[in-house]
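Position 1 is the first residue of the sequence, and the numbers go up from there. In each ligand, atom 1 is the first atom listed, and ligand 1 is the first ligand listed. The shown structure was predicted, so the numbers you read here are calculated from the model rather than taken from an experiment. We use all heavy atoms of the structure for the numbers below, so side chains are in, but hydrogens, waters and symmetry mates are not.
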Amino acid sequence: MKKDILRLSSLTKGEMDRIFEEASELKRRQRENVVWKPLSGKTLALIFEKPSTRTRVSFEVAMYQLGGHSLFLSPKDMQLDRGESIADTARVLSRYVDGIVIRAFSQKLAEELAEFASIPVINGLTDLLHPCQILNDIFTIIEKKGRYRGIKIAYVGDGNNVANSWAEAASRLDFHLSLACPPGYLPDEDIIRASKRESPCPIEVMVDPFQAVKSADIITTDSWVSMGKEDEYEKRMMIFEGYQVNERLVAEAKNDVLVMHCLPAHRGKEITDQIIDGRHSIVFDQAENRLHVQKAILEMWLGGKVHS
Ligand code: CP
Ligand code: NVA
């Protein structure tokens, strides 16, 4: 049976730990110029309804480095745009390629694609979730702090896809998660409820960013205006004003706190130049790791090392 990555709550702690170990090994091999092409002859299709820099480039380069091939497919250039169903698209692509990464507005669409595909489907971001990003972020934390266990992570800002995936990760792994979001912009209620029920460590949702970052080892944030929310820009700028990651906020966390951002950053909005370019920031190491973590995912999922 094929296995998808549509959300982190469908992965076990063991699977996530294996991804982190494999990513570390693949990163080491790349640094040492070891040629490693386990996906020779395999093809990955990328269907992206929304723009992307990191996710698209890192998946395409990952396939190339592992000896495989990738196809970038814009839905506008496919028969999907003329009414072919996602189910039929899934059935047909399954006859040609070995895996699909989908970036879509609707999580339901990604789930439907996976339901009718006989090959692994990987969520490259939906309005609800961004699982590959959070696997990457936890891998980066392990690299920098030596572990995720017992680490306090404070997410400050919009209760969006990134925040929801943080909660799902916390439902499997033993780190402490505090999410600070303005009222009306909290993470998905069902995801928080389910994650709290299953989590080995505290998951807290609050409105005060200063309370959330108290004794934090990691502060992370994301855009206040996710893709698809552009018409709410002005309103959101006012609502999120107090949620900026700046020197005053970072000073409330541990002295050795690390600051993360999935990028793209909106400098001067959710994060200041001083912080993103300052001594606490690890955002570009974090961005680099998308390549290594996704190589691990592709090797395991397309290379037949994972079974449901
Ligand atoms: N962080 C992230 O997913 O970036 P892109 O939108 O550039 O892929
Ligand atoms: N929450 C952001 C993440 C971008 C990588 C968005 O959905 O636009």
Within ligand 1, which atoms have a heavy atom of [X] less than 4.0 Å away?
X: Gln133; result: 1 (N), 2 (C), 3 (O)
X: Thr53; result: 5 (P), 7 (O), 8 (O)
X: Arg290; result: 1 (N), 2 (C), 3 (O)

Spell out, as yes or no, whether a donor-acceptor pair under 3.5 Å connects the side chain of [X] to the backbone of [Y].
X: Thr43; Y: Val97; result: no
X: Glu168; Y: Leu8; result: yes
X: Arg103; Y: Gly124; result: yes
X: Ser199; Y: Ala170; result: yes

Parallel, tilted or perpendicular, as decided by the 30° and 60° cut-offs, for the rings of Trp224 and Phe240: parallel
Phe72 six-ring centre to Arg56 NZ/CZ under 6.0 Å and within 45° of normal: yes
Residue and atom name of the nearest protein heavy atom (relative to atom 4 (O) of ligand 1), distance in Å to one decimal: Arg54 NE, 2.9 Å
Salt bridge (charged side-chain N to carboxylate O under 4.0 Å, His left out) assessment of Lys76 paired with Asp81: CA-CA 5 Å; Lys76 287 193 194 71; Asp81 204 45; over 6 Å; no
Close approach, Arg103 and ligand 1, non-hydrogen under 4.0 angstrom: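 Yes; Arg103 lies near enough to ligand 1 that a heavy-atom distance drops under 4.0 Å.
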Leu263 near ligand 1 by a heavy-atom separation under 4.0 Å: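 Contact check Leu263 vs ligand 1: positive.
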Tyr148 and its side chain to side chain donor-acceptor pair (under 3.5 Å) partner, picked from Asp174, Asp217, Asp17: Asp17
Short N or O distance, Arg56 and ligand 1, threshold 3.5 Å exclusive: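 For ligand 1, there is no N or O atom that lies under 3.5 Å from one belonging to Arg56.
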Any N or O of Met227 closer than 3.5 Å to N or O of ligand 1: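 No.
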CZ-OG distance between Arg91 and Ser118, expressed to the nearest 0.5 angstrom: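 Between Arg91 CZ and Ser118 OG, I get 10.5 Å after rounding to 0.5 Å.
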pair Leu291-Gln65: side-chain heavy atoms closer than 4.5 Å: yes
Under-4.0 Å heavy-atom contact with ligand 1, by part of Lys50 that carries it: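 Lys50 to ligand 1: no contact under 4.0 Å from either part.
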Using a cut-off of under 3.5 Å, which N/O atoms of ligand 2 pair up with protein N/O atoms, and what distance separates each pair?
from     : atom 1 : to     : atom 2 : distance (Å)
ligand 2 : 1 (N)  : Asn160 : ND2    : 3.3
ligand 2 : 1 (N)  : Asn161 : OD1    : 2.8
ligand 2 : 1 (N)  : Asp222 : OD2    : 2.6
ligand 2 : 1 (N)  : Ser226 : OG     : 2.7
ligand 2 : 7 (O)  : Asn161 : ND2    : 2.8
ligand 2 : 7 (O)  : Ser226 : OG     : 3.4
ligand 2 : 8 (O)  : Met227 : N      : 2.8

